[in-house]
Amino acid sequence: MADEVNPFESLQEQVDDAAAHFDVSDDLLARLKNPERVLETNLSVELDDGTLGVFRAYRSQFNGDRGPYKGGIRYHPGVNRDEVKALSGWMVYKCAVVDIPYGGGKGGIAIDPHRHSEEELERITRAFATELRPIIGEDKDIPAPDVNTGQREMNWIKDTYETLENTTEPGVVTGKAIDSGGSRGRVEATGRSTMLTAREAFDYLGKEMPGATVAVQGYGNAGSVAAKLLESELGANVVAVSDSSGAVYNPTGLDAEQVKEFKRETGSVTGYEDASEELTNEELLTLDVDLLVPAALENAIDADLASDVQANVIVEAANGPLTPDADDVLTDRDVFVFPDILANAGGVTVSYFEWVQNRQRFYWTESKVNEELERHIVEAFEGLVDCYEELDVPNFRTAAYVVAIQRVITAYEEAGTWP
């Protein structure tokens, strides 16, 4: 685990790598590598015992050339300014690579939500929503769930915003509960796009997915859904999964849905009765499997660990799970990495669908949502492959960034500079 790697520096290096393959001026490149603004605030909230809790919170608005800022809000002790800057930048290029009309934003609170009651979390969330109120809105910046947040938190933000603005504006956030204006298919969207990317990758590489062995690092929403869909829809064999407590492994296969239910009941995947062995996260990442899906946090694989990775195909469900040095090692070893800005773009794509439905006050069936998501991911994959082959770039990540950055540049140039 490469915790010391700065994710914002990783983002900037990825942009530089892509920019080496087409003409772009240094001044415009600098604009593409830095956020337009960052809100940093301290939330003062009364806790259940009557004491005052102070929590550092952030919202980065990276680039709005293609549309309103879009990106999640996470609750995690490790949230910091550089992390949200990096994540907001990745959102810009994620939206561009799947060609949806958004810019990129990201936010978070440096907090361990497991140490707080639901009542405290509601007060903290509403305090943050109050701070965000001047800079968010369905045509400005549209938050969504991320690590340790979900429909509950989005409903609180929506209610706070609408109450303070004396309006009805369901499109101010996405990832809401269905009865509060959410979209069908949103909960599974990130895992589904991971599955679709893996399907297209195996097809492009001439590999068979039925029976292929899969290891999933991180068994939250994205990882567990990806595992379930790889197993149920594509016939893959999920042999190992992990969370922060450790990993479980069975070479003959695990039941992805049963492991998820076990984690829901116990709080972790470790101890699952049908596992033949328990491993560390690092051991899972270096298993001899056909497909590796990193689905936890940033910097899970550094250069040292990349040297020991045995999977030939990696599909990134997490944001930034590989350091740039790890990318270089895996490229040199001919390991195919299909990047986060495509593979986990299902979440923001269906968030876009939710926003469209909120604006129209007309809601889609789940089958229509999944059909449109598949179309976006397949078309984006085809564009990534075309770039990879035509420009002879070193890997699929660079190809994705070339496609995305060129789309952002086009929007910027068409708008012009003012003042």
Side-chain angles (χ1 to χ4, degrees), residues 35-62 64 68-88 91 103-177 179-182 186 220-221 297 319 347 351 354-355 358:
E36 293 174 1
R37 65 188 62 83
V38 181
L39 170 70
E40 183 172 344
T41 184
N42 289 309
L43 309 175
S44 299
V45 177
E46 183 177 337
L47 304 180
D48 292 343
D49 63 3
T51 62
L52 187 67
V54 180
F55 307 93
R56 185 66 57 89
Y58 307 87
R59 183 69 179 178
S60 173
Q61 297 176 330
F62 200 95
Y69 307 102
K70 186 79 186 79
I73 291 174
R74 60 175 49 188
Y75 291 178
H76 191 273
V79 168
N80 60 60
R81 187 182 182 94
D82 275 353
E83 181 187 59
V84 297
K85 286 162 58 179
L87 292 165
S88 65
M91 285 302 301
K106 208 75 170 188
I109 304 175
I111 184 177
D112 181 354
H114 305 295
R115 300 181 64 180
H116 294 274
S117 68
E118 181 172 351
E119 291 75 17
E120 288 179 346
L121 289 173
E122 179 174 358
R123 292 195 292 273
I124 292 165
T125 301
R126 290 184 183 277
F128 192 27
T130 303
E131 294 295 315
L132 292 174
R133 174 193 175 193
I135 62 170
I136 64 173
E138 58 187 11
D139 289 317
K140 296 179 183 178
D141 183 350
I142 306 134
D146 200 272
V147 175
N148 292 325
T149 59
Q151 294 179 346
R152 180 184 66 179
E153 287 77 15
M154 295 308 105
N155 293 344
W156 287 336
I157 293 172
K158 169 182 172 290
D159 180 70
T160 303
Y161 179 87
E162 291 180 332
T163 299
L164 294 174
E165 292 290 328
N166 193 28
T167 189
T168 299
E169 194 171 314
V172 68
V173 294
T174 58
K176 304 178 294 295
D179 289 339
S180 294
R186 174 63 182 84
N221 175 264
L297 296 173
N319 289 310
S351 278
E354 179 178 332
W355 178 78
N358 290 158

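What you see is a predicted model, and the numbers here were worked out from it, not measured in a lab. Reckoned from all heavy atoms, side chains included, excluding hydrogens, waters and symmetry mates.
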Beyond-backbone contact of [X] with [Y], side-chain heavy atoms, under 4.5 angstrom:
X	Y	answer
P170	K158	yes
E120	V45	no
V79	I109	no
Y69	E36	yes
L121	R152	yes
M91	N319	no
R59	I73	yes
T125	T160	no

Contact summary for [X] and [Y], nearest pair of heavy atoms:
X	Y	result
P68	D141	CB-N, 4.4 Å
V54	S44	CG2-OG, 4.1 Å
V38	P35	CG2-CG, 3.9 Å
S88	S60	OG-OG, 2.8 Å

Pairs flagged by ring-ring contact (aromatic ring centres under 6.0 Å, His included) wherever residues 38-57 is involved - sequence neighbours left out: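 Applying ring-ring contact (aromatic ring centres under 6.0 Å, His included) to every pair that reaches into residues 38-57, excluding sequence neighbours, yields F55-H116.
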Return each pair, listed once, that meets ring-ring contact (aromatic ring centres under 6.0 Å, His included) where at least one residue sits in residues 127-177; pairs must be two or more places apart or across chains.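 Output for this query is empty, none listed.
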Got a second to check how far [X]'s [atom1] is from [Y]'s [atom2], nearest 0.5 Å?
X	Y	atom1	atom2	result
D112	N148	CG	CG	7.5 Å
T174	M154	OG1	CE	8.0 Å
N221	D146	CG	CG	10.5 Å
E169	I136	CD	CD1	8.5 Å
T163	R126	OG1	CZ	7.0 Å
K140	I142	NZ	CD1	11.5 Å

So does [Y] get a backbone contact from the side chain of [X], meaning a donor-acceptor N/O pair under 3.5 Å?
X	Y	value
R133	L164	yes
E138	W355	no
D48	E119	no
E131	L39	no
D139	G137	no

V172 vs E165, side-chain contact (heavy atoms from CB on, under 4.5 Å): CA-CA, chis, key distance, verdict: CA-CA 11 Å; V172 68; E165 292 290 328; over 6 Å; no
Salt bridge check, E46 against R123: does any charged N sit closer than 4.0 Å to a carboxylate O?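 Judged by the 4.0 Å cut-off on N to carboxylate O distance, R123 and E46 do not form a salt bridge.
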Is the closest basic N to carboxylate O distance between D159 and K176 below 4.0 Å?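 No.
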Is atom CG of D49 surrounded by more than 12 heavy atoms (other residues, nucleotides or ligands) closer than 6.0 Å?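 Yes, CG of D49 has more than 12 neighbouring heavy atoms, counting only those of other groups under 6.0 Å.
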Quick check on salt bridge (Lys or Arg N to Asp or Glu O under 4.0 Å): which of K106, R74, R56 does E83 satisfy it with?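 Only one option passes, and that is R74.
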Side chains of E153 and Y75: do they bring a donor and an acceptor to under 3.5 Å?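 No - no donor-acceptor pair under 3.5 Å links their side chains.
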Please determine, by modelled atom types, if R186 and S351 share a side-chain donor-acceptor pair under 3.5 angstrom.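 A donor-acceptor contact under 3.5 Å links the two side chains.
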